[in-house]
Amino acid sequence: MLVFALLVIVIFNFAFDVRGEAVALVAPGVLWVTLTFAGVLGFNRAFVLEKDRGCLEGLMLCPIDRGTIYWGKMAASLTFMLVVEAIVLPLFSIFFNLPLFMPSLLLIAFISTVGFAAVGTLFSAIAVHTRAREIMLPLLFFPVVVPVVIAAVEGTGMVLAVAPWASLVPWLQLVVAFDIIFLAVSWLLFEYVLEE
Amino acid sequence: MMSGPGSGEAWAIEALGITKSFSRRPVLRNLHLKVAEGSFLTIFGANGSGKTTLIKLLSTIARPETGSIVIAGMDTRENATQVRRHLGVILHQTLLYDDLTVQENLRFYGRMFDVPRLEERIAFVAHRGGLNSRLLHPVRTLSRGLQQRAAICRALLHDPAILLLDEPETGLDRHASLAFWNTLASLKEEGKTIVMTTHNMEWGLNLGDQVAILAEGRIAYQEDKATLSRATFDGIYHRYTEVSP
């Protein structure tokens, strides 16, 4: 996941040889495309270990609510993505010569990553039961996370353009609403996803 | 016919009117099954007869479309979490993490089941399973027989009253089979309720108090083993599974 993210940043950096104000226009898209695609790689692995050796059934035999398995897996995926972001953001900042360490940008990164992890964990559990799971997950994941990607790109662009906080709030609200809805729905559906 | 529990005893497992389909193909159809506490039921059946599906339903891994399953007096739909504390399950796969050692696997599952004095319990089940010297070995480095022993240790870690075994002898060599046989015999002596699916007639008829045949999605036959000879059961089995003797 990390290596993939770094490679994508390097490739984009050389592919779009942008300078000056154009950097701030291109960089948000590059950043979130990188993180979204890298995230899919991680989500693809979230349940493979358990599925291949039957350990998923081992977890299902434990005296815990199935939703607890969801929260555990979601927390693990979220942690992995945040660690990758913690490494990728400084390098991205260097490659694109942008000041990315701003509280509002870190907030956007965190809540957007929660949304990715919420949806990615659920769809990873669905895709792992299919034969073409590496293909199935992106097909399920990308259409659903479009609102988060758009909000993250727009929000990041506004932060880099030093836009007022008020203009950023609607995008933040969109992502937070997405997070709440998909965390709740995924938690409620997870039991059925595991069994089928 | 199947004998019920005596006075003061109870059913450990009651499955009533169970149906389950996969991709619209019915696997279990209005299945009824009762297992008395402390008894050992062996279930035979042809490939694809639904033995694994039945074990998965009883173990709460899957849910029936219709009907109810009551285990240890609790409905599996309403009290699945509590029911699982009473169940030890061995499936085709070991349900163990390959890259972890036997001890790490047992610690993990022990914590999931809140096993008190976990390290002592791990030492006890490992000794019983003959895995003392292998506790620190990664599971992937063990033979199939030793992995199966580790799976038994996992299933027994929380000292469940009911054991559900799905063709547990699969892939075991003669020596490993004998060791596993002895383990099952001692568990039976301890009074555990055991439900085992198998194709192995010798195992099933010698270990089981009762035998059943799963055919066409139902328990087509269930009988006390004491009233059966091997030859008689062979004939019955082939009649229900439509295989020439």
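FYI, side chains are in, hydrogens and waters are out, and symmetry mates aren't considered; it's all heavy atoms of this structure. Residue numbering restarts at 1 for every chain, and letters A, B, ... go by the order of the sequence lines.
- Between S59(B) and L61(A), the closest heavy-atom pair is O-CD2, 3.5 Å.
- No more than 12 heavy atoms of other residues, nucleotides or ligands shown are found within 6.0 angstrom of CD on E216(B).
- The shortest side-chain heavy-atom distance between R66(A) and T60(B) falls under the 4.5 Å cut-off.
- Ion pairing between a basic and an acidic side chain is recognised when a charged N comes within 4.0 Å of a carboxylate O; R63(B) and E191(A) show such pairing.
- Shortest non-hydrogen contact noted between M60(A) and I61(B) is CE-O, 3.2 Å.
- Residue W187(A) places its CH2 atom among 12 or fewer non-hydrogen atoms of other residues, nucleotides or ligands, all under 6.0 Å distant.
- At most 12 heavy atoms of other shown residues, nucleotides or ligands fall within 6.0 angstrom of atom CD1 in I135(A).
- Checked against P63(A) for a side chain to side chain contact (heavy atoms under 4.5 Å, CB included), the options V83(B), D114(B), T81(B) give a single hit: T81(B).
- Heavy-atom neighbours of F40(B) CZ from other residues, nucleotides or ligands within 6.0 Å: above the threshold of 12.
- The environment of H127(B) atom NE2 is sparse: at most 12 non-hydrogen atoms of other residues, nucleotides or ligands sit within 6.0 angstrom.
- Options H158(B), R154(B), M112(B), Q93(B) differ in how many heavy-atom pairs under 4.5 Å they form with chain A, and the most are formed by Q93(B).
- Distance check: C62(A) SG to L87(B) CG gives 12.0 Å after rounding to the nearest 0.5 Å.
- Between L59(A) and F108(B), the shortest heavy-atom contact is CD2-CZ, 3.5 Å.
- Atom CZ of R45(A) has 12 or fewer heavy atoms from other residues, nucleotides or ligands within 6.0 Å.
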